[in-house]
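Presented below is the structure to which this report refers.
So you know, we letter chains A, B, ... as the sequences are listed, proteins then strands, and number each from 1.
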Number of protein chains: 2
Amino acid sequence: MNSAGMSEENKPVGSDHSANKPASSVGSAVAASASADTSAPVTVYAPLYQQIKGLITQGLQAGEWRPGEMIPSEMELAKRYGVSQGTVRKAVDDLATEHILIRRQGKGTFVATHHEEKVSFRFLRLVPDEGEPTYPQSQFLACKRMRATPEVADSLALATGDAVILVKRILYLQERPTVLEEIWLPGLQFKGLTAERLAAYKGPMYGLFETEFGTRMIRASEKIRAVAADQACAESLKVTVGTPLLLVERVAFTYGDQAVEWRRGFYRTDHHAYRNELS
Amino acid sequence: MNSAGMSEENKPVGSDHSANKPASSVGSAVAASASADTSAPVTVYAPLYQQIKGLITQGLQAGEWRPGEMIPSEMELAKRYGVSQGTVRKAVDDLATEHILIRRQGKGTFVATHHEEKVSFRFLRLVPDEGEPTYPQSQFLACKRMRATPEVADSLALATGDAVILVKRILYLQERPTVLEEIWLPGLQFKGLTAERLAAYKGPMYGLFETEFGTRMIRASEKIRAVAADQACAESLKVTVGTPLLLVERVAFTYGDQAVEWRRGFYRTDHHAYRNELS
DNA sequence: GAGTGGTCTAGACCACTCC
DNA sequence: GAGTGGTCTAGACCACTCC
């Protein structure tokens, strides 16, 4: 690591509180995650470790360290950003808690990737009534270029009529058709996505997105309802019309809380259940 | 705090690694949370902060500090357990992440309680399609003493036929009957629970459990399915027979991962959705 | 002003991985 | 043995709360 190559702008601000730092007070202040409170504070304060967290996230976003790769050691990052190892540690701890980085003792700290079974199960919560969770098989029905409807545009922060891609697929679990999904993606970001590429890809779809489109899904928000199977659902999932299904709507986000996927899935729950841990 | 009153057994073990501690190596070793791995390790190692975490949890379990109360400051706990403030801090950080303790800057660290709106919404994930989440109103239909069926006994780690209490209620959200629930509790632990006490209690049921029965729910595991409303559900929830409903089954745990509640709820989702955050 | 948790530093040794 | 993250200590100052 060439710490001499780091510009002053890359260093955090406001770290001159105990007079034991060179304290390069250059660059713009980093905003703290502001709570939606009554009184808007005039001055914005962000702890050093949160600023470091932001700088590391910027590096990830910029592709400086790619999914699966090792990031520099804590000591190197400390040198680079001009802070102590403890401060870097706290920033990395946070990012590891958010599943953005993964620490491996004795090896180093790595950028999280969807090319890992554990991650898939975090984003697909179906567990079988009998036996261990298994990896799903995808059957792709369509991959079309479309125009964003108002609903899709709203979810993806696009304008109505913007280019989007619609993917339709069936997920098989334990040889049974279990999920019928429609997935909307921003057309610009996923230009070139085809049913052939989807079908040819071995591994989870989010793995393909991060490897071939540079978009890594960080978190998602789901809303679950119960609905009756219509004709299309019934045929795809091999159930009778009217069978109760879960309707799972998801918005998925990449770095910087940017929504980059909207999906709607119909789940059979006669041999699986959607599992959720509350705490 | 009278630190002289603490017995040696209350101090952690194995902290003589850097020769700067008095290191009272008395008492039994605390087991690390063992992963269900292939090779069973002969020696068990637990970091100091995890041992402190265990000691604090024991204090909570024993009722030394009750829900809503402040626990001793970090410095006092450090003195009591014979470790540094940093080690106490790491233990408390963990417990705060698990929502067992709550830190309030400038005030102190408090035992979490279900007498807080925020907590209720962590355990009831229904959000309205329009408007802000509202606090539910309970209508209690029954509170009966029963014998545990095999299914209930299995979930609560009881024997079939053991005394259990069955509570039936309807939850109203935004004036609408939205959830029909059956709740099974261990009879011994919840002796004296009646429909009258439930109805008279202002606040969440878990608040009553912790205040009047000394049982605090820490976490829960839910399994969600889609089912059709039967006659009883239809009448209670004012829907037609066959309407798709969420069936949410829950096992709730108190300190030490002890299962102390099993419930089964039927959710209408025509004006609400079950919300879940994935990461 | 006193007391609390929150942040930050510096430095030590431990456990684990890879050679 | 060298390098990594993991734990632990000691001590400083900051932000916040309550008096």
Side-chain angles (χ1 to χ4, degrees), chain A residues 1 11-23 30 32-33 35 37 39 41 43-53 69-79 81-97 101-110, chain B residues 1 11-23 30 32-33 35 37 39 41 43-53 69-79 81-97 101-110:
Chain A
M1 277 306 114
K11 289 191 177 176
V13 299
S15 61
D16 54 347
H17 50 83
S18 67
N20 50 9
K21 291 250 32 65
V30 178
S33 61
S35 59
D37 250 356
S39 60
T43 54
V44 177
Y45 162 79
L48 249 192
Y49 80 91
Q50 281 183 21
Q51 300 180 42
I52 301 304
K53 206 178 143 184
E69 285 181 10
M70 192 173 89
I71 70 169
S73 74
E74 296 180 350
M75 288 306 293
E76 279 175 39
L77 290 172
K79 236 181 288 176
Y81 297 128
V83 299
S84 78
Q85 186 198 13
T87 300
V88 168
R89 167 169 292 275
K90 186 148 191 193
V92 171
D93 277 349
D94 267 24
L95 292 168
T97 299
L101 297 176
I102 298 173
R103 321 189 73 135
R104 293 195 225 278
Q105 189 175 4
K107 287 181 163 177
T109 300
F110 297 77
Chain B
M1 277 305 113
K11 290 192 176 174
V13 300
S15 62
D16 55 346
H17 51 83
S18 69
N20 49 10
K21 292 249 30 71
V30 178
S33 61
S35 57
D37 250 355
S39 60
T43 54
V44 178
Y45 163 79
L48 247 192
Y49 79 92
Q50 281 183 21
Q51 300 181 40
I52 302 302
K53 205 178 145 186
E69 285 181 9
M70 192 174 87
I71 70 168
S73 73
E74 295 181 349
M75 286 307 292
E76 279 176 39
L77 289 172
K79 236 182 287 174
Y81 297 128
V83 300
S84 78
Q85 188 199 12
T87 300
V88 169
R89 167 167 293 274
K90 186 146 191 196
V92 171
D93 277 348
D94 268 25
L95 292 168
T97 300
L101 297 176
I102 299 173
R103 320 190 73 137
R104 293 195 226 278
Q105 190 175 4
K107 288 181 163 181
T109 300
F110 297 77

Closest to side chain of [X], choosing from [options]:
{"X": "Ser84(A)", "options": "dA10(C), dT7(D), dT7(C)", "answer": "dA10(C)"}
{"X": "Glu76(B)", "options": "dC8(D), dC8(C), dT4(C)", "answer": "dT4(C)"}
{"X": "Gln105(B)", "options": "dC8(D), dC8(C), dC16(D)", "answer": "dC16(D)"}
{"X": "Ser73(A)", "options": "dG6(D), dG5(C), dT4(D)", "answer": "dT4(D)"}
{"X": "Lys107(B)", "options": "dC18(D), dT4(D), dT17(C)", "answer": "dC18(D)"}

Nearest-Å distance, [atom1] ([X]) to [atom2] ([N])?
{"X": "Leu101(A)", "N": "dG6(D)", "atom1": "CG", "atom2": "P", "result": "12 Å"}
{"X": "Arg104(B)", "N": "dC16(D)", "atom1": "CZ", "atom2": "P", "result": "16 Å"}
{"X": "Lys79(B)", "N": "dT4(C)", "atom1": "NZ", "atom2": "C1'", "result": "14 Å"}
{"X": "Gln85(B)", "N": "dG5(C)", "atom1": "CD", "atom2": "P", "result": "8 Å"}
{"X": "Met75(A)", "N": "dA2(D)", "atom1": "CE", "atom2": "P", "result": "17 Å"}
{"X": "Gln51(B)", "N": "dC14(C)", "atom1": "CD", "atom2": "P", "result": "16 Å"}
{"X": "Asp93(A)", "N": "dC8(D)", "atom1": "CG", "atom2": "P", "result": "14 Å"}
{"X": "Arg89(A)", "N": "dT4(D)", "atom1": "CZ", "atom2": "P", "result": "13 Å"}

Shortest non-hydrogen contact from [X] to [Y]?
{"X": "Met70(B)", "Y": "Gly108(B)", "result": "SD-CA, 4.0 Å"}
{"X": "Gln51(B)", "Y": "Ala46(B)", "result": "NE2-O, 2.9 Å"}
{"X": "Lys53(A)", "Y": "Ala91(A)", "result": "N-CB, 3.8 Å"}

*Roughly how far apart are Ser84(A) OG and Lys90(A) NZ, rounded to 0.5 Å?*
11.5 Å
*Calculate, to the nearest 0.5 Å, the distance between atoms CD1 and CG belonging to Ile71(A) and Leu101(A) respectively.*
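Ile71(A) atom CD1 to Leu101(A) atom CG measures 5.0 Å (nearest 0.5 Å).
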_For Gly106(A) and Lys90(A), find the nucleotide of DNA chain C closest to each by heavy atoms; which residue's nucleotide sits nearer the 5' end?_
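The residue closer to the strand's 5' end, by nearest nucleotide, is Lys90(A).
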*Is there a Watson-Crick or G-U wobble partner for dG11(C) with both distances under 3.5 Å, and if so, which one is it?*
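dC8(D) is the nucleotide pairing with dG11(C).
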*State the pairing partner of dC16(D); accept Watson-Crick or G-U wobble contacts with both distances under 3.5 Å, and report none otherwise.*
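With both distances under 3.5 Å, dC16(D) matches dG3(C).
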